[in-house]
Amino acid sequence: MLAEIKGLNEECGVFGIWGHPEAAQITYYGLHSLQHRGQEGTGIVVTDGKKLKGVKGEGLVTEVFSSDAIQELEGTSAIGHVRYATAGGGGYDNVQPLLFQSQNGGLSLCHNGNLTNATALKHQLEAQGSIFQTSSDTEVLAHLIKRGGVSSHKERVKNALSMVKGAYAFLIMTEDEMMVALDPNGMRPLSLGKLGDAYVVTSETCAFDIVGAEFIRDILPGELLIIDDNGFRSEMFAMASNIAMCTMEYVYFSRPDSNINGINVHTARKSLGKQLAIEVPIEADVVTGVPDSSISVAIGYAEATGIPYEMGLIKNKYVGRTFIQPSQSLREQGVKMKLSPVRGVVEGKRVVMVDDSIVRGTTSRRIVSMLKEAGATEVHVIISSPPIKNPCFYGIDTSTKDELIASDRSVEEIREIIGADTLTFLSVDGMVEAIGRKEDGENRGQCLACFTGKYPTEIYPSTLHPYEKV
C-alpha cells in the first residue's frame with residue numbers, strides 16, 4: 001500500500017559493491033531500486049583503498065545525488081542506504097551510512113533492522129566514556145567495534161555482533177574490506193551477487209536485475225561475509241537459531257520482482273489471493289487491488305474466484321511528499337491525492353477491495369468512502385494478512401499498541417469504522433501456507449509477532465530500565 005499515508009512504513013534498504021571502477025554509480029542505481037524501502041534519507045560511502053568518502057542527505061535518491069555528487073565519489077567499492085526512520089528518529093545526522101574517522105583508519109556502516117538492546121548498550125558505552133554523534137541504534141555497533149581492544153578487526157566485529165540483539169542486516173566497510181552480517185534469526189532479507197569480477201550485496205534481489213548482477217546466494221543467519229580484493233570468505237559469528245524472516249516482506253515491503261529465500265514475492269502474493277478465495281467466498285462483480293503491493297493478491301483472488309479483476313483504483317505516482325502531515329484531516333486528503341477510483345469500473349458494481357493490511361484504519365476508511373462515492377453499490381474489503389495486533393520492535397514503525405486499530409477492536413468494530421459492507425482478514429495458518437516457505441516448525445521460518453504477539457527474540461523496550469527485559 002502507500003507507506004507515506006497508511007502508517008505502516010518500510011524498514012530500510014542496503015546495497016554494497018566491492019571491486020568495480022564505477023562503484024558509486026552502480027550503488028546509485030541499486031539504491032534507486034530499493035527506494036520503496038525508505039524515502040526519508042539516503043547516502044553512499046566509497047573507498048579508493050586509501051580513504052573513505054561519503055555523501056548523504058535527507059530526501060529521495062534522485063534528490064540527494066546529483067551527477068556532480070556521484071562524480072565526487074571516486075572509488076572501486078561502496079556501500080549505500082535508503083532509510084525510513086524507526087529507532088532514533090529522523091534528521092541528517094541519522095542518515096546512513098554512518099562514517100567515522102580515527103587514527104587507525106576509517107569505518108563506515110549501514111543497517112536494515114532494529115537493535116532491541118540498543119538502549120542498554122548505549123548506557124553501558126556512555127558509562128565507559130563513549131560520546132554518541134547520532135540517536136540511531138546503528139551507531140552502537142560502531143562503538144562496540146572500536147572499543148573491541150587490540151584484536152584483529154574481524155574479531156572485533158564478531159565480538160560486537162555477538163553483543164547486539166534484534167533484527168539486523170549490516171554492511172561494514174573499511175578502506176580495504178567490506179563485511180556483511182545477518183542476525184542469527186535471519187529476520188531481514190540479504191543476498192550476495194556478482195557483477196563481472198565485483199561482488200554485490202543487497203537487501204532485495206530486484207537490485208541485482210537493475211544493475212545487471214547475477215544472484216549467487218542468500219546470506220545465512222548468523223553469517224559474517226568478508227569481501228576484499230582477494231574475493232570473499234564466510235565465517236559464522238553465531239549459530240542460526242529460531243529462523244524468523246519478517247512475514248511482511250512477502251505481504252507488503254518487498255518489490256514483487258524480488259525473491260526472498262527462493263520464493264518470488266509476486267508468486268507468494270498471488271498465492272495469498274488464492275488462499276483468500278478459499279477462506280472468503282464473496283458474490284461480487286469486480287475485484288480491485290489497492291496499489292501497489294495488493295495488485296498481485298487481487299489477481300490471484302480473481303483467478304481463483306472467476307470474478308473479473310479491474311483497475312478500480314489508480315495511483316498517482318507524481319504527487320510529492322509535501323502533503324504528509326500528522327493530522328487526520330490532512331492524512332485523509334493525502335489519500336485522495338494519491339489514489340483515485342475509476343468510476344467507469346466501479347459504478348453500479350459490487351466491489352471486492354483487496355489490501356495487504358490495516359494499521360490505523362484511516363486510509364482504508366477513505367478508500368472505501370471514495371469507492372462508494374464513485375458509485376460502488378457494495379465494498380467488500382479483504383486483507384491478505386491477519387489483524388496486526390502487536391507492535392514491532394524489529395524495524396517497522398509500529399512500536400506501540402495505541403497505533404494499531406486491531407489491538408483492542410474486533411473485526412466487526414473495524415468494519416464499522418472503515419465503512420465496508422464486509423471485512424475479512426486472512427488467517428495466520430492460511431497466510432503461512434500460502435507463502436510456502438519450506439523450513440520446519442509451526443511458523444515455517446517466519447516472524448509472526450505482529451499478528452500473534454510471540455516474539456522470536458528478547459525485547460528490551462526503551463521505556464523499561466535499560467537492563468530489564470520482557
Side-chain angles (χ1 to χ4, degrees), residues 10-84 95-99 106-112 138 169-181 188-216 219 225-229 232 255 257-258:
E10 291 97 333
E11 298 142 347
C12 299
V14 297
F15 184 94
I17 183 167
W18 190 271
H20 197 287
E22 297 181 314
Q25 291 88 337
I26 292 171
T27 301
Y28 170 87
Y29 287 114
L31 293 178
H32 194 274
S33 70
L34 300 175
Q35 187 73 86
H36 59 286
R37 299 187 68 88
Q39 298 88 42
E40 291 193 355
T42 185
I44 296 174
V45 171
V46 299
T47 177
D48 59 4
K50 298 179 180 179
K51 62 180 180 180
L52 300 180
K53 183 177 182 180
V55 172
K56 68 177 185 178
E58 294 181 274
L60 303 176
V61 173
T62 53
E63 295 170 339
V64 172
F65 296 110
S66 64
S67 177
D68 290 341
I70 292 293
Q71 292 300 322
E72 291 178 7
L73 293 172
E74 297 179 357
T76 56
S77 302
I79 60 174
H81 190 264
V82 289
R83 183 170 195 264
Y84 179 79
V95 177
Q96 299 179 30
L98 302 180
L99 176 57
L107 175 70
S108 181
L109 70 166
C110 56
H111 166 214
N112 172 25
T138 307
F170 272 110
L171 299 187
I172 306 162
M173 191 170 70
T174 64
E175 288 84 355
D176 52 14
E177 68 182 4
M178 178 169 68
M179 293 187 176
V180 182
R188 293 286 166 258
L190 193 61
S191 300
L192 173 69
K194 198 167 186 184
L195 177 60
D197 293 327
Y199 289 99
V200 182
V201 180
T202 184
S203 292
E204 289 191 39
T205 61
C206 64
F208 292 146
D209 299 326
I210 296 298
V211 303
E214 177 184 1
F215 171 81
I216 297 177
I219 307 300
L225 203 65
I226 305 161
I227 305 174
D228 58 24
D229 291 342
F232 77 88
R255 272 178 43 158
D257 52 339
S258 289

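Quick note: residue numbers are just sequence positions, from 1.
The shortest non-hydrogen separation linking Leu34 to Cys206 is CD2-SG, 4.4 Å. Residue Glu177 comes nearest to Met179 through the heavy atom pair OE2-CE, 3.2 Å, listed as atom of the first residue, atom of the second, then distance. Minimum heavy-atom separation, Arg37 to Tyr84: O-CB, 4.1 Å. Taking all atoms of both residues into account, the shortest heavy-atom contact from His111 to Gln96 is N-OE1, 2.9 Å. The two residues Val46 and Ala24 come nearest to each other via the heavy atoms CG1-CB, 4.0 Å. Cys110 and Ile79 make their closest contact through SG-CD1, 4.1 Å (heavy atoms, listed as atom of the first residue, atom of the second, distance).
For the atom pair Met173 CE and Ile227 CD1, the distance stands at 11.5 Å (nearest 0.5 Å). Note that OG of Ser67 and OH of Tyr28 are 9.5 Å apart. Values are rounded to the nearest 0.5 Å. Taking CG from Asp209 and CZ from Phe215, the interatomic distance works out to 11.0 Å, rounded to the nearest 0.5 Å. Between atom NZ of residue Lys56 and atom NE2 of residue His81 there is a gap of 10.5 Å, rounded to the nearest 0.5 Å. The CD1 atom of Ile216 lies 5.5 Å from the CZ atom of Phe232; values are rounded to the nearest 0.5 Å. Note that CG of Leu98 is 7.0 Å distant from OG of Ser108, once rounded to the nearest 0.5 Å.
Checking side-chain atoms of Glu175 against main-chain N and O of Thr47 turns up no donor-acceptor pair under 3.5 Å. Listed for the Glu74 side chain is no donor-acceptor partner under 3.5 Å among the backbone atoms of Asp48. No donor-acceptor pair closer than 3.5 Å links the side chain of His32 to the backbone N or O of Thr62. Asn112 contributes a side-chain N or O that, together with a main-chain N or O of Cys12, makes up a donor-acceptor pair within less than 3.5 Å. The main-chain N or O of Val61 is found under 3.5 Å from a side-chain atom of Gln35 such that the two form a donor-acceptor pair. With hydrogens and angles disregarded, no donor-acceptor distance shorter than 3.5 Å links the side chain of Thr42 to the backbone of Leu60.
Evaluation of the salt bridge (Lys or Arg N to Asp or Glu O under 4.0 Å) rule for Asp257 yields Arg255 as partners, not counting sequence neighbours.
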Exercise. Going through the distances and angles, do Val14 and Val201 end up as a side-chain contact (heavy atoms from CB on, under 4.5 Å)?
Worked result: CA-CA 8 Å; Val14 297; Val201 180; 5.7 Å; no

Problem set entry | Chi angles and distances behind the side-chain contact (heavy atoms from CB on, under 4.5 Å) call for Val95, Glu58 | CA-CA 7 Å; Val95 177; Glu58 294 181 274; 4.1 Å; yes

Problem set entry | Check against side-chain contact (heavy atoms from CB on, under 4.5 Å), Val180 and Leu192 | CA-CA 9 Å; Val180 182; Leu192 173 69; over 6 Å; no

For this session: Give the intermediate values and the outcome of side-chain contact (heavy atoms from CB on, under 4.5 Å) for residues Val55 and Ile44.
Result: CA-CA 6 Å; Val55 172; Ile44 296 174; 5.8 Å; no

Can I get a per-line list of side-chain donor-acceptor pairs under 3.5 Å for residues 15-22, giving both atom names and the distance, sequence neighbours left out?
residue: Trp18; atom: NE1; partner: Asp229; partner atom: OD1; Å: 3.0
residue: His20; atom: ND1; partner: Glu22; partner atom: N; Å: 3.0

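Within 6.0 Å of OH in Tyr29 there are 12 or fewer heavy atoms belonging to other residues, nucleotides or ligands.
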